[in-house]
Asks: 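My questions will all concern the structure given below.
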Amino acid sequence: KGTDKYLPEDKKLYENIKKQLLEHNQVYKKDKLEQKKTQKEKDNWIEYDDIRNWIRNNYKPIIKKAKTKLEVGTLNELQELLVIMLYHFIPPRRLDYSTMIITTQKKYDKMDKRNVNAFVITRPHKNSFISFGADIAKSKKKEDCVIVKMGTEYDEFPNVVLKVLKEIIKNIYKNDDGNYRMLQNTNGGDMSKPSMTKFIKRTFNKHFEKDVSATLLRKIYLSNIKKETSLKKRLRIAEIMNHTVITAMWHYTKND
């Protein structure tokens with residue numbers, strides 16, 4: 001508890017443990033300040049531009065195939081594309097996408113925003129947005145949900161992926177609630193967070209031959225924008241990613 005109280009016979013043991021702890025903390029602090037990658041991060045790091053190039057090369061073929069052939073295999077390819085884009089174009093969340101639904105503005109307006117995680121698809125040429133419900137945040141704060149507007153803040157994210165995905169889901173999996181799961185397991189049910197972790201690893205291993213996690217993808221994203229000097233932009237990105245600016249700079253940003 002941060003005190004120097006111990007039994008006389010334990011003094012030597014206590015001082016030895018205290019010395020090792022101080023040395024460990026000094027090394028940890030040094031590594032954090034230098035923002036060095038761990039060996040595991042170095043082995044599995046994917047450059048931001050490499051992910052962007054993969055999307056540019058594969059986006060149109062996958063969408064074209066999906067529009068002409070509605071089947072489970074096509075759905076899986078679309079979901080792989082969507083996951084790669086979600087962790088690239090938008091400040092990436094952890095695994096909050098696992099329970100996300102595709103819905104309409106009208107239905108969304110009637111939902112309880114505290115526990116709904118929904119991607120809203122609006123009419124053509126209108127802005128769509130991703131809504132992260134307040135109760136799904138890791139911190140569990142009872143606050144307003146975070147809204148990420150497509151077409152204004154992150155206009156590089158093509159809504160057509162979600163629209164094609166919705167049509168495929170509608171034709172393959174008949175859902176009773178009138179909404180559509182953005183990500184589904186092989187049985188057409190909700191993709192749980194453990195399942196999404198496996199899906200991310202499998203997807204990036206397949207296309208990049210790297211063993212990545214949502215956490216590493218967050219680090220790749222923030223390390224790419226580390227030169228961003230606008231405090232307003234940093235605060236907005238931190239809000240979307242559900243952490244503080246200090247956490248972003250201290251924990252997620254890597255220099256080498």
Side-chain angles (χ1 to χ4, degrees), residues 24-56 58 79-100 117 130 132 136-141 146 148 150 153-154 156-157 182-183 191-256:
H24 172 81
N25 287 343
Q26 287 174 354
V27 173
Y28 179 81
K29 183 178 180 180
K30 181 176 180 291
D31 288 345
K32 284 295 181 183
L33 288 173
E34 293 179 356
Q35 296 174 306
K36 289 185 176 180
K37 296 175 187 172
T38 65
Q39 188 58 50
K40 186 175 181 180
E41 288 170 345
K42 289 179 180 178
D43 292 340
N44 295 294
W45 195 269
I46 308 171
E47 293 301 329
Y48 188 86
D49 288 344
D50 290 342
I51 299 176
R52 176 65 59 90
N53 288 333
W54 183 91
I55 294 172
R56 285 174 177 161
N58 291 275
Q79 289 195 149
E80 290 176 352
L81 172 65
L82 181 60
V83 163
I84 292 172
M85 294 173 75
L86 283 171
Y87 285 92
H88 180 78
F89 285 113
I90 305 169
R93 303 282 290 199
R94 293 176 180 86
L95 297 167
D96 293 342
Y97 304 112
S98 62
T99 55
M100 191 170 279
N117 190 18
I130 286 183
F132 295 102
I136 64 163
K138 187 178 181 182
S139 59
K140 299 295 182 184
K141 293 179 180 177
V146 175
V148 186
M150 303 293 113
E153 290 180 314
Y154 300 97
E156 291 181 284
F157 189 90
M182 190 172 75
L183 295 169
M191 183 179 285
S192 64
K193 289 188 177 181
S195 294
M196 186 170 183
T197 296
K198 294 177 182 178
F199 188 78
I200 290 171
K201 287 181 179 293
R202 189 165 63 247
T203 297
F204 280 87
N205 189 275
K206 173 182 175 181
H207 298 293
F208 298 93
E209 298 183 346
K210 298 288 186 177
D211 185 19
V212 304
S213 63
T215 297
L216 182 57
L217 291 170
R218 284 156 67 86
K219 291 178 181 179
I220 291 170
Y221 181 91
L222 282 171
S223 299
N224 180 67
I225 61 164
K226 64 186 177 184
K227 296 179 181 179
E228 173 63 56
T229 56
S230 168
L231 178 59
K232 183 178 179 180
K233 183 72 176 292
R234 283 185 177 274
L235 287 170
R236 178 57 178 154
I237 290 172
E239 178 190 23
I240 295 171
M241 295 182 72
N242 192 33
H243 58 215
T244 64
V245 174
I246 295 299
T247 298
M249 297 173 67
W250 179 268
H251 182 70
Y252 284 104
T253 304
K254 300 293 180 178
N255 287 328
D256 63 335

Asks: OG of Ser213 to CG of Leu95: how many Å apart, nearest 0.5 Å?
Replies: 9.0 Å
Asks: Tell me whether Arg202 is salt-bridged to Glu80, with the criterion being a basic N under 4.0 Å from an acidic carboxylate O.
Replies: no
Asks: Specify the closest pair of heavy atoms between Leu216 and Glu41, including all atoms of both residues, with the distance to one decimal.
Replies: CD1-CG, 4.1 Å
Asks: Please check: side-chain N/O of Tyr87 versus main-chain N/O of Ile200, any donor-acceptor pairing under 3.5 Å?
Replies: no
Asks: Would Leu82 and Phe157 count as a side-chain contact (heavy atoms from CB on, under 4.5 Å) if you check the C-alpha gap in whole Å, the side-chain angles of each, and the deciding distance to 0.1 Å?
Replies: CA-CA 10 Å; Leu82 181 60; Phe157 189 90; 3.7 Å; yes
Asks: Any side-chain heavy atom of Asp96 within less than 4.5 Å of one from Asn242?
Replies: no
Asks: Are any non-hydrogen side-chain atoms of Met182 and Gln79 less than 4.5 angstrom apart?
Replies: no
Asks: Identify the two heavy atoms, one from Val212 and one from Asn44, that lie closest to each other, and give their separation to 0.1 Å.
Replies: CG1-O, 3.5 Å
Asks: Using a 4.5 Å cut-off on heavy atoms from C-beta on, say whether the side chain of His243 contacts that of Arg218.
Replies: yes
Asks: How far does OG1 of Thr197 sit from CZ of Arg94, to the nearest 0.5 angstrom?
Replies: 12.5 Å
Asks: Using every non-hydrogen atom in the two residues, find where Tyr97 and Pro91 come nearest and quote the distance to one decimal.
Replies: OH-O, 4.1 Å
Asks: For the residue pair Phe208 and Ile84, establish whether any side-chain heavy-atom pair is separated by less than 4.5 Å.
Replies: yes
Asks: Decide yes or no for Asp50 and Trp54: does some side-chain heavy atom of the first lie under 4.5 Å from some side-chain heavy atom of the second?
Replies: no
Asks: Could you tell me the separation between the CE atom of Met196 and the CE atom of Met191, rounded to the nearest 0.5 Å?
Replies: 7.0 Å
Asks: Which atom pair, heavy atoms only, marks the closest approach of Asp211 to Lys201?
Replies: OD1-NZ, 3.5 Å
Asks: Indicate the atoms forming the closest heavy-atom contact of His88 with Tyr48, along with that distance.
Replies: O-OH, 3.1 Å
Asks: Return the NZ to CZ distance between Lys206 and Phe199, rounded to the nearest 0.5 Å.
Replies: 8.5 Å
Asks: Hey, mind stepping through Leu222 and Ile237 against side-chain contact (heavy atoms from CB on, under 4.5 Å) and telling me if it holds?
Replies: CA-CA 9 Å; Leu222 282 171; Ile237 290 172; 3.9 Å; yes
Asks: Mark yes or no for whether Arg93, through its side chain, and Ile240, through its backbone, hold a donor-acceptor pair below 3.5 Å.
Replies: yes
Asks: Charged N to carboxylate O below 4.0 Å: is that the case for Glu239 and Arg234?
Replies: no
Asks: When rounded to the nearest 0.5 angstrom, what is the spacing between CD1 in Ile225 and NZ in Lys233?
Replies: 6.5 Å
Asks: Could you point out which residue of Ile51, Asn53, Asn58 forms a side chain to side chain contact (heavy atoms under 4.5 Å, CB included) with Ile55?
Replies: Ile51
Asks: List the steps, then state whether side-chain contact (heavy atoms from CB on, under 4.5 Å) holds for Leu183 with Met100.
Replies: CA-CA 7 Å; Leu183 295 169; Met100 191 170 279; over 6 Å; no
Asks: Quick one: pull up CE in Met241 and CZ in Phe132 and give me the separation to the nearest 0.5 Å.
Replies: 10.5 Å
Asks: Are Asn205 and Glu209 close enough that a side-chain donor and a side-chain acceptor fall under 3.5 Å?
Replies: no
Asks: Check Lys193 against Ser98 and note the closest heavy-atom contact, atom names and distance.
Replies: CG-OG, 3.3 Å
Asks: Report yes or no: does Ser223 contribute a side-chain atom to a donor-acceptor pair with the main-chain N or O of Lys219 at less than 3.5 Å?
Replies: yes
Asks: Honestly, is Lys210 close enough over Trp45, meaning NZ or CZ under 6.0 Å from the six-membered ring centre and within 45° of the axis?
Replies: no
Asks: Does Lys40 have more than 12 heavy atoms from other residues, nucleotides or ligands lying within 6.0 Å of its NZ?
Replies: no
Asks: Step by step, work out the salt bridge (charged side-chain N to carboxylate O under 4.0 Å, His left out) result for Glu47 and Arg52.
Replies: CA-CA 9 Å; Glu47 293 301 329; Arg52 176 65 59 90; over 6 Å; no
